[in-house]
Amino acid sequence: MSKSGLIEQRNIRLSKIEELRKLGINPYPAKSNRADYSNAIVNDYESYKGKKVVAAGRLMSLRKHGSVTFADIQDQTGKIQLAIGKKILKPFDAAISNLGYSELKFLDVGDFIETSGEVSKTKTGEISILSERITLLTKSLRPLPDKWGKLKDRELILRKRYLDATLNPENKKEFENIAKILFGIRSFLKEKGFLEFLTPVLQPQYGGGTAKPFITHLNSLNRDFYLSISHELYLKRLITAGFDKVFTIGRYFRNEGIDKSHHPEFSMIETMTAYENYEYNMDLIEDMFRYIAEQVYGKTEFKVKGHTIDFKQPWKRISMTDAVTEVTGINFDDCKSVEEANNHLKALKIEETCETIGLALAKAFEEKAEETLISPTLVFGHPIDISPLAKPMDSSPNKAERFEIFIAGMECGDNWSEQNDPVELLATWKANYKPEDREVGEFHPLDYDFIEVMEYGMPPTTGIGPGLERMAMIFNERENIDDVIFFPIMKSHLSKANKKIFGAQEDKADKSLDILITFDEFQEFVSNCLKDSAQDIIIKPYMRFWESKNIFKASGSAEIIGLFKNRSVKLSGYSSKAEKPFDKAEEVLKFKDYIQNLIVSFLQKNFNKTEINLSETFLP
RNA sequence: GGGCCGUUAGCUCAAUUGGCAGAGCAACUGACUCUUAAUCAGUAGGUUGAAGGUUCGAUUCCUUCACGGCCCA
């Protein structure tokens, strides 16, 4: 007998499966004969009245009253009630997998079932199916969380979205709408004459942006590859190949922070259009948002961060310089020198010195203007310094033919007339090539293959890249990116109950034998590497040996106390396994060595300005 | 990275100053021919996220860790 409620309930359901199998019922058949959806029946009762239907879905509630039972099943479209009368329901028949009235006891809330019967209303007026047949489609082993309360634990909602979606149809609807956004974008771009391409996620050289990439290894080529941080350079190759309007709905991977509006894995709709410049895209993006608002959501007004945004209105278009001037009164275009620009930054309480006027303008915009752009705004005329892939404007060569989309203070897409002068591009890239930026994610790799493409010649081209998640956040009126990503990234977790149920091994010590190094021994052992001034630091070593399933194991750690106020530091991780008993003396030596290295690397990491010398005597 | 908060039964939540770990739903047994959060009677379900500490005694206080949330940079 299990002590856990979950395990007990699961066992009961397993035994129901056992009994059903004995009766000749397959609890997991491959196919259903479902022909009707619940909302069609409920919304159009007059046409369905008296007709036979076959519906299927998840059993969401079961109310037994002796010889009559009421049940609710939920399918993709909604819920419908089944009225199951002892006299109407046909008797048990394994040949057609029909459950009789007394076999209803094998059903649980959460099971998937199919039913056929006449549509009618009950005495209380509820539209129902008078079930003549009931077939089990899938036996569920675990109880659904509370059947009318919704899931509240945020961690559970994010980890088990399928449960949240089952219990919370409004939330499910939001994800349905995100799927429809994708259809909307595709049909919009199709109407405009675009072709969709799939571009590589695994790339030998990453490019098209500045971000920290994920690195992976491709065994068959024995090379490290990068997960795409952008798909832009591939779309440009397609333009070079002679396709005039292309797009991809791509997956983007950036090994950077996770917060309310950033996720390491996200999606963008990236387009490239030949023979046009960035002004074409200003219209395209505006039209695309309006199209989705009208086609998918059937409205143009959305509430974002407390502001009402109307996509019907023409979007504001403003240069970056003017956007900064509007907020701060400072016009960076009037700057005669970098010093002057930096003085402006100081006046704006931005504690950063920039190398060029352009960088200072960008900084001021980012710090002061961005968050004020609530209604949809297209900001153009970025400094060329921050736009290495964009063409300079004819009228002011230090500005790029580029614009960004801001909605509710969020950047929702970046767009420009693509630089297709290979000599210029190579020069810009080389000037920006700073391998030391790789760590901070502001590194432009040199992609000679791409320069070669440009040398063959790419016609004048422009591209846009609105982020799908940000779009979804706006249209679904959500402020957290996790609310628009069905499977947000999380650390894996195996619950205690699941460890038991699945028989997953728990690496647990059976018994602890002895501690082989004494406190004094260890302090003597490390005294040579700590200065007198660190006398108050106590290092407590722990080591133990034990036996588990005929494997001998050792593990050890050292705790440093007194280094920080109210905190101790634990250096851990030593472990060792063998099939026969250890030579303990040798193991202790290994442990000492390990701990010594740990301490040295710990000190190096945390006191990197201090030189750490390992004296000979420190070694055991 | 910094700060604050959370983790108790399958789910949602209690537990008074540190003093017997409880309820509703779900589950199980039984009654019931129109319910819809069905009802009624009964039963069972817990290593209070993990480890350590203080204490006669810890869900409660302290430390560390794990997982998560919110805010800030």
Side-chain angles (χ1 to χ4, degrees), chain A residues 1-16 59-74 79-89 101 105 107-110 120-131 140-160 163-164 166-168 256-260 262 350-352 366-367 479-480 482-483 488-501 506-509 512 540 542 544 555 557 559-562 564-573:
Chain A
M1 258 301 139
S2 168
K3 281 178 185 171
S4 156
L6 172 66
I7 291 175
E8 191 183 316
Q9 290 189 43
R10 187 174 173 273
N11 285 339
I12 288 164
R13 293 186 183 205
L14 282 171
S15 60
K16 286 179 181 176
L59 188 57
M60 296 304 286
S61 107
L62 202 58
R63 302 178 292 279
K64 294 189 180 179
H65 299 257
S67 298
V68 67
T69 293
F70 296 93
D72 296 327
I73 57 168
Q74 176 174 294
K79 270 189 193 176
I80 190 163
Q81 175 172 272
L82 315 184
I84 309 165
K86 202 172 187 175
K87 286 178 187 160
I88 297 173
L89 185 66
Y101 199 81
K105 66 182 176 192
L107 295 182
D108 288 288
V109 169
S120 179
K121 277 189 182 173
T122 58
K123 277 181 188 169
T124 49
E126 172 106 10
I127 297 164
S128 308
I129 299 171
L130 306 179
S131 294
S140 156
L141 291 183
R142 298 188 185 221
L144 285 177
D146 207 50
K147 72 178 173 189
W148 37 83
K150 284 162 192 166
L151 224 45
K152 283 193 179 167
D153 185 332
R154 183 77 180 157
E155 187 174 352
L156 261 188
I157 291 173
L158 297 181
R159 281 191 194 281
K160 304 186 182 182
L163 291 181
D164 188 48
T166 301
L167 298 172
N168 191 353
E256 293 166 359
I258 302 176
D259 63 33
K260 260 180 113 154
H262 294 88
I350 298 169
E351 294 304 323
E352 198 166 318
E366 189 187 316
E367 295 283 332
E479 290 178 24
N480 196 328
D482 286 346
D483 288 322
I489 204 156
M490 295 193 107
K491 292 189 183 176
S492 68
H493 175 71
L494 187 60
S495 73
K496 222 195 280 177
N498 278 344
K499 273 183 193 163
K500 270 190 206 163
I501 289 169
E506 206 174 4
D507 209 14
K508 214 175 172 186
S512 173
K540 282 162 81 177
Y542 301 98
R544 61 178 177 184
S555 76
S557 63
E559 201 175 352
I560 303 178
I561 298 163
F564 301 110
K565 249 188 182 172
N566 303 325
R567 267 180 85 177
S568 73
V569 176
K570 198 170 181 187
L571 304 171
S572 62

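Every chain is numbered from 1, with letters handed out A, B, ... down the list of sequences. This one's a predicted model, so the numbers in the text were calculated from it and none came from an experiment.
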[N] to [M] separation - [atom1] atoms, rounded to the nearest Å:
N     : M     : atom1 : result
B:U64 : B:C70 : P     : 24 Å
B:G46 : B:A23 : C1'   : 14 Å
B:G10 : B:C5  : C1'   : 25 Å
B:C67 : B:A51 : C1'   : 15 Å
B:A14 : B:G2  : C1'   : 34 Å
B:G6  : B:U47 : P     : 23 Å
B:C32 : B:G42 : C1'   : 16 Å
B:G57 : B:U17 : C1'   : 14 Å

Inset, instruction - Could you list the residues that satisfy side-chain hydrogen bond (donor to acceptor under 3.5 Å, both in side chains) with A:Glu366, not counting sequence neighbours? - result: none

Inset, instruction - For A:Glu352, enumerate each residue passing the side-chain hydrogen bond (donor to acceptor under 3.5 Å, both in side chains) test, keeping only those at least two apart in sequence or located in another chain. - result: A:Lys363

Show each protein N/O and nucleotides 70-73 of chain B N/O combination with a separation under 3.5 Å, one pair to a line.
unit_1: B:C70; atom_1: OP1; unit_2: A:Asn480; atom_2: ND2; d: 2.8
unit_1: B:C71; atom_1: OP1; unit_2: A:Lys260; atom_2: NZ; d: 2.9

[N] [atom2] sits how many Å from [X] [atom1], rounded?
X        : N     : atom1 : atom2 : answer
A:Ile258 : B:C67 : CD1   : C1'   : 14 Å
A:Ile489 : B:G68 : CD1   : P     : 11 Å
A:Lys86  : B:U33 : NZ    : C1'   : 10 Å
A:Lys64  : B:C28 : NZ    : P     : 8 Å
A:Leu89  : B:U33 : CG    : P     : 17 Å
A:Arg13  : B:G10 : CZ    : P     : 14 Å
A:Glu155 : B:G69 : CD    : P     : 7 Å
A:Lys152 : B:U12 : NZ    : C1'   : 6 Å

Among [options], which nucleotide sits nearest the side chain of [X]?
X        : options             : answer
A:Thr122 : B:C34, B:A44, B:G68 : B:C34
A:Arg159 : B:U35, B:U12, B:G68 : B:G68
A:Pro143 : B:G10, B:G68, B:U12 : B:G10
A:His65  : B:C32, B:G10, B:U12 : B:C32
A:Ile12  : B:A27, B:G10, B:U35 : B:A27
A:Leu158 : B:G69, B:U35, B:U33 : B:G69
A:Gln81  : B:C13, B:A27, B:U35 : B:U35

Inset, instruction - Please identify each residue that fulfils salt bridge (charged side-chain N to carboxylate O under 4.0 Å, His left out) with A:Asp108, with sequence neighbours left out. - result: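 Salt bridge (charged side-chain N to carboxylate O under 4.0 Å, His left out) list for A:Asp108, sorted by chain: A:Arg13, A:Lys16, A:Lys139.
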
Legend entry - Donor/acceptor link under 3.5 angstrom from A:Glu126 side chain onto base of B:U35: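 Per atom types, no contact qualifies.
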
Legend entry - Under-3.5 Å donor-acceptor pair between A:Glu8 side chain and B:A44 base: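 There is none.
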
Inset, instruction - Have a look at A:Lys160 and say if it touches a base, only the backbone sugar-phosphate, or nothing, with a 4.0 Å heavy-atom cut-off. - result: nothing

Inset, instruction - For A:Asp72, report the nucleic acid contact type (base, sugar-phosphate, nothing); a contact means any heavy atom under 4.0 Å. - result: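 Nothing: the residue A:Asp72, judged by heavy atoms under 4.0 Å, touches no strand.
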
Legend entry - A:Asp164 and its side-chain contact (heavy atoms from CB on, under 4.5 Å) partner, picked from A:Ile157, A:Leu158, A:Leu156: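 Between A:Asp164 and the candidates, side-chain contact (heavy atoms from CB on, under 4.5 Å) is satisfied uniquely by A:Ile157.
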
Rounded distance [0.5 Å steps], [atom1] in [X] versus [atom2] in [Y]:
X        : Y        : atom1 : atom2 : answer
A:Asn11  : A:Leu141 : CG    : CG    : 9.5 Å
A:Leu130 : A:Leu89  : CG    : CG    : 11.0 Å
A:Ile88  : A:Ser67  : CD1   : OG    : 12.0 Å
A:Ile127 : A:Ile80  : CD1   : CD1   : 7.0 Å
A:Lys64  : A:Lys105 : NZ    : NZ    : 9.0 Å

Please check the phosphate of [N] (OP1 and OP2 only) for any side-chain N or O of [X] closer than 4.0 Å.
X        : N     : result
A:Lys491 : B:C67 : yes
A:Lys496 : B:A9  : no
A:Arg63  : B:A38 : yes

Legend entry - Pairing residues for A:Lys152 by the side chain to side chain contact (heavy atoms under 4.5 Å, CB included) criterion, not counting sequence neighbours: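 For A:Lys152 there are no side chain to side chain contact (heavy atoms under 4.5 Å, CB included) partners, ignoring immediate neighbours.
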
Legend entry - Heavy-atom side-chain contact between A:Asp483 and A:Pro488 under 4.5 Å: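 No, side chains not in contact.
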
Legend entry - Strand RNA chain B in bracket notation, Watson-Crick/G-U under 3.5 Å with | for pairs to another chain: (((((((..((((.....[..)))).(((((.......))))).....(((((..]....)))))))))))).

Inset, instruction - Kindly give the heavy-atom pair with the smallest separation between A:Ala83 and A:Phe70, and that separation in Å. - result: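 Result for this residue pair: CB-CE2, 3.9 Å.
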
Inset, instruction - Starting from the 5' end of RNA chain B, give me the residue, A:His493 or A:Ala71, whose nearest nucleotide shows up first. - result: A:Ala71

